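Presented below is the structure to which this report refers.
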Amino acid sequence: MTTAHDLAARFGPALDTRPETLHEAAQDFGHLVRAEPLGVLRPRSAAEIAALLEFAGPRGIPVSVRGGGHSMYGQGQAGGGIVLDLRALNRVGPVADGQVTVQAGALWREVLAATLPHGRTPPVLTDYLGAGVGGVLSAGGLGGAGHRHGLVADQVLELEVVTGAGEHRVCSPDRDPELFHCVLAGLGQCAVLVAVTLRLVPAPTRIRRYCLYYADLTRYLTDQRRLAEEQRFAYLEGQARPAGAQGWQYMIEAVAPHAGTYPPDDATLLDGLAHDPAAVETEDLEHGEFARRVDTDEEVLRATGEWHHPHPWLNLLLPQDSAESVVRAVLADPAFADLRDTGLVLLYPLLSDRLRAPLFRRPPGRVLYLLALLRTGEPGSPEKAAAMVAANRAAYELARAQGAVAYPVNALPMTDADWRDHYGSAWPALADAKRRHDPHLVLARGHGMRF
Ligand SMILES: Cc1cc2nc3c(=O)[nH]c(=O)nc-3n(C[C@H](O)[C@H](O)[C@H](O)COP(=O)(O)OP(=O)(O)OC[C@H]3O[C@@H](n4cnc5c(N)ncnc54)[C@H](O)[C@@H]3O)c2cc1C
């Protein structure tokens, strides 16, 4: 059995084994599970990542990658193994010819900070820009421009990776496409992302943001689908919000680019929709200010301490046919009553034919809805946290029975059978790729997938 001593002998002082480092690497944004590694390595090159994997593989030492550290349920932890902290691999740029190459340990806010001065942006961004480039691409990456452009991962032109076998490779849709397609939305199972070349599009200077309110879920979902299909807006998301003692209201959040001297035509954009016309809210913002909007929430939650509380989050992708019944069931479930006080419920549409990464699982049908149940637990109450995770599991089973799949960035225990069900017909190809690229099965065990 490999010990910390063997690792120290091989990697010397580069292996950080200080108690405070191991304590930090044993947790994540979810604050629900802990697994302490033997050490943390902070590579500065692909060669250093390859050297670790060549050593760890034959010895069966688990290796997990940590970028932004926003896993919910130990996905980025490596109990008894090594955490590769990629934050030092965070070079971005230069921006040229409508693209940018970024190292995978960069955060999305660092990417945007480099592209906006050139008037460019990645076509799709997640709501929160503090997550890591590698972390988002390994999940897929959903955002308000998804109904037009697909996943964040669909904007990747080329990847530089180190496979679980320690091979340093470059791949793209034309060059080694099999490796390319098992890395994007592949939950880090086959390779460590080192650098990524992203497609960029012109960024608007200003945007107009509309909030449209609905008392009725059926009308909300109908309008959401219509707006997605007609692509009236550049960005389309929405929320369920508590209203009254037990009720809910729904809010479409839609954004149109704004050229300053030519503001959007509100009447045309909102024509024929069933929202409450008396409650329309609009605001004009700089594009960058809108893209960074969650940074302000983060600052507030850090100041109150809630940023460090448990986050038993659940993200589900619902088929159009059963979206309404699943949303109604979950919002009426007493086990999710705390959504009314400490939660945020996102509910917005995507179009399946825009989501191209083959390993990104989605429910059947052309239109699907992201339902994100984002709750905050109490610190120091493991029983309550466990009950919230159990409620996630029950909601997942309820939704899955109606055709839903998980967007796998959740606080959700998944069994071997769940993972096989999740990947469905793609499972044999993923399992085959895993055995070829990570033959000792050491990478990304924190997701709980077994091959
Ligand atoms: C406040 C908040 C808002 C969010 N909003 C959105 C949203 O709008 N849309 C959305 O899609 N997601 C959203 N997420 C989820 C987020 O995208 C995922 O949790 C993502 O995986 C976090 O990446 P990270 O690098 O920060 O986390 P980490 O914990 O560092 O990484 C997560 C996992 O990604 C994999 N990984 C990370 N880096 C690499 C790499 N270089 N190579 C291979 N695998 C790697 C590993 O398996 C790791 O376990 C949000 C999360 C938070 C906390």
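Every number for a ligand or one of its atoms is a count from 1 in the order of the listing. Since the model is a prediction, treat every value here as computed from it, not as a measurement. Just so you know, residue 1 is the first one in the sequence shown, and it goes up from there.
- When heavy-atom distances to ligand 1 are checked against a 4.0 Å cut-off, Trp108 has no atom that comes that close, whether in backbone or side chain.
- One side chain, His437 or Glu178, offers a donor N or O that lies under 3.5 Å from an acceptor on the other.
- For ligand 1, the atoms lying closer than 4.0 Å to a non-hydrogen atom of Leu187 are 47 (O).
- Considering only non-hydrogen protein atoms, atom 25 (O) of ligand 1 sits nearest to Gly68 N, 2.8 Å.
- Few gaps surround CZ on Arg293; more than 12 heavy atoms of other groups in view lie less than 6.0 Å from it.
- Of the protein's non-hydrogen atoms, Leu193 N, 2.8 Å is the one closest to atom 42 (N) of ligand 1.
- Checking only distances, Gly188 never comes within under 3.5 Å of ligand 1, N or O to N or O.
- Shown here are the ring-ring contact (aromatic ring centres under 6.0 Å, His included) partners of Tyr250, two or more places apart in sequence or in another chain: Tyr220.
- Close approach to Ala191 involves these atoms of ligand 1, each under 4.0 Å from a residue heavy atom: 43 (C).
- Counting only distance, with no hydrogens or angles, the side chain of Gln103 and the backbone of Arg91 share a donor-acceptor pair below 3.5 Å.
- The Ala104 neighbourhood of ligand 1 comprises atoms 41 (N), with distances under 4.0 Å to a heavy atom of that residue.
- For the 3.5 Å distance criterion, the side chains of Tyr214 and Asp223 qualify, holding a donor opposite an acceptor.
- In terms of protein heavy-atom proximity, atom 49 (O) of ligand 1 is closest to Gln75 O, 2.9 Å.
- Close approach of ligand 1 to Arg66 (heavy-atom distance below 4.0 Å) involves ligand atoms 30 (O).
- Aromatic ring pairs are classed by plane angle as parallel below 30°, tilted from 30° to 60° and perpendicular above 60°; the pair His311 and Phe29 is parallel.
- Within 4.0 Å of atom 52 (C) of ligand 1, at least one protein heavy atom is present.
- Comparing Tyr73, Phe29, Trp307, Trp313 by heavy-atom distance to atom 50 (C) of ligand 1, the nearest is Trp313.
- Neither the backbone nor the side chain of Ser64 has any atom closer than 4.0 Å to an atom of ligand 1 (non-hydrogen atoms only).
- Closest to atom 27 (O) of ligand 1, if we only count protein heavy atoms, is His70 N, 2.9 Å.
- Residue-environment remark: CZ (Arg302) exceeds the threshold of 12 foreign heavy atoms within 6.0 Å.
- Panel note: side chain Asp28, backbone His70; no donor-acceptor pair is recorded below 3.5 Å.
- Note that OG1 of Thr101 and CG of Leu157 are 8.5 Å apart. Values are rounded to the nearest 0.5 Å.
- The protein heavy-atom contact nearest to atom 2 (C) of ligand 1 is Tyr128 CD2, 3.4 Å.
- For the pair Gly69 and ligand 1, a heavy-atom separation below 4.0 Å is found.
- Ranking protein heavy atoms by distance to atom 30 (O) of ligand 1, first place goes to Gly67 N, 2.6 Å.
- Of all protein heavy atoms, the one lying nearest to atom 6 (C) of ligand 1 is Thr126 CB, 4.1 Å.
- Side-chain N or O atoms of Arg375 include one that pairs as donor or acceptor with a backbone N or O of Met388 at under 3.5 Å.
- Counting heavy atoms closer than 4.0 Å to ligand 1, residue Ser138 contributes side-chain atoms (C-beta onward) but none from N, CA, C or O.
- Using modelled atom types, one finds a donor on one side chain and an acceptor on the other under 3.5 Å when comparing Glu160 with His168.
- The aromatic rings of Tyr423 and Trp427 sit tilted relative to each other, their planes meeting at an angle between 30° and 60°.
- Ligand 1 is never approached by Asp28 to a heavy-atom distance shorter than 4.0 Å.
- Selection from Val136, Val162, Val65, Val196 by nearest heavy atom to atom 17 (O) of ligand 1 gives Val136.
- Only the side chain of His447 comes within contact range of ligand 1, with a heavy atom under 4.0 Å; no backbone atom does.
- Note that the OH atom of Tyr369 and the OG atom of Ser322 stand 11.0 Å from one another [nearest 0.5 Å].
- Considering both main-chain and side-chain atoms, Leu142 comes within under 3.5 Å of ligand 1 through a nitrogen or oxygen pair.
- The main-chain N or O of Pro123 is never found under 3.5 Å from a side-chain atom of Thr121 such that the two would form a donor-acceptor pair.
- On a distance-only criterion, Ala131 and ligand 1 share no N/O pair closer than 3.5 Å.
- Atom CZ of Arg34 is surrounded by more than 12 heavy atoms from other residues, nucleotides or ligands within 6.0 Å.
- Where the criterion is an N or O separation shorter than 3.5 Å, residue side chain and backbone included, Asp127 meets it with respect to ligand 1.
- Neither the backbone nor the side chain of Val194 comes within contact range of ligand 1; no heavy atom lies under 4.0 Å.
- Ring geometry, Phe360 versus Tyr407: the interplanar angle falls from 30° to 60°, so the pair is classed tilted.
- Of all the listed residues (Gly186, Gly134, Ala153), Gly134 holds the heavy atom that lies closest to atom 45 (C) of ligand 1.
- Within ligand 1, counting atoms from 1 as listed, the ones closer than 4.0 Å to a heavy atom of Leu86 are 41 (N).
- Nearest residue to atom 20 (C) of ligand 1 from Ala372, Gly135, Gly141 is Gly135 (criterion: closest heavy atom).
- Considering only non-hydrogen atoms, atom 29 (O) of ligand 1 lies nearest to Ser71 out of Gly76, Gly132, Ser71.
- At a 3.5 angstrom cut-off on N or O pairs, Val409 does not count as close to ligand 1.
- A salt bridge does not link Arg362 with Asp353: none of the charged nitrogens is closer than 4.0 Å to a carboxylate oxygen.
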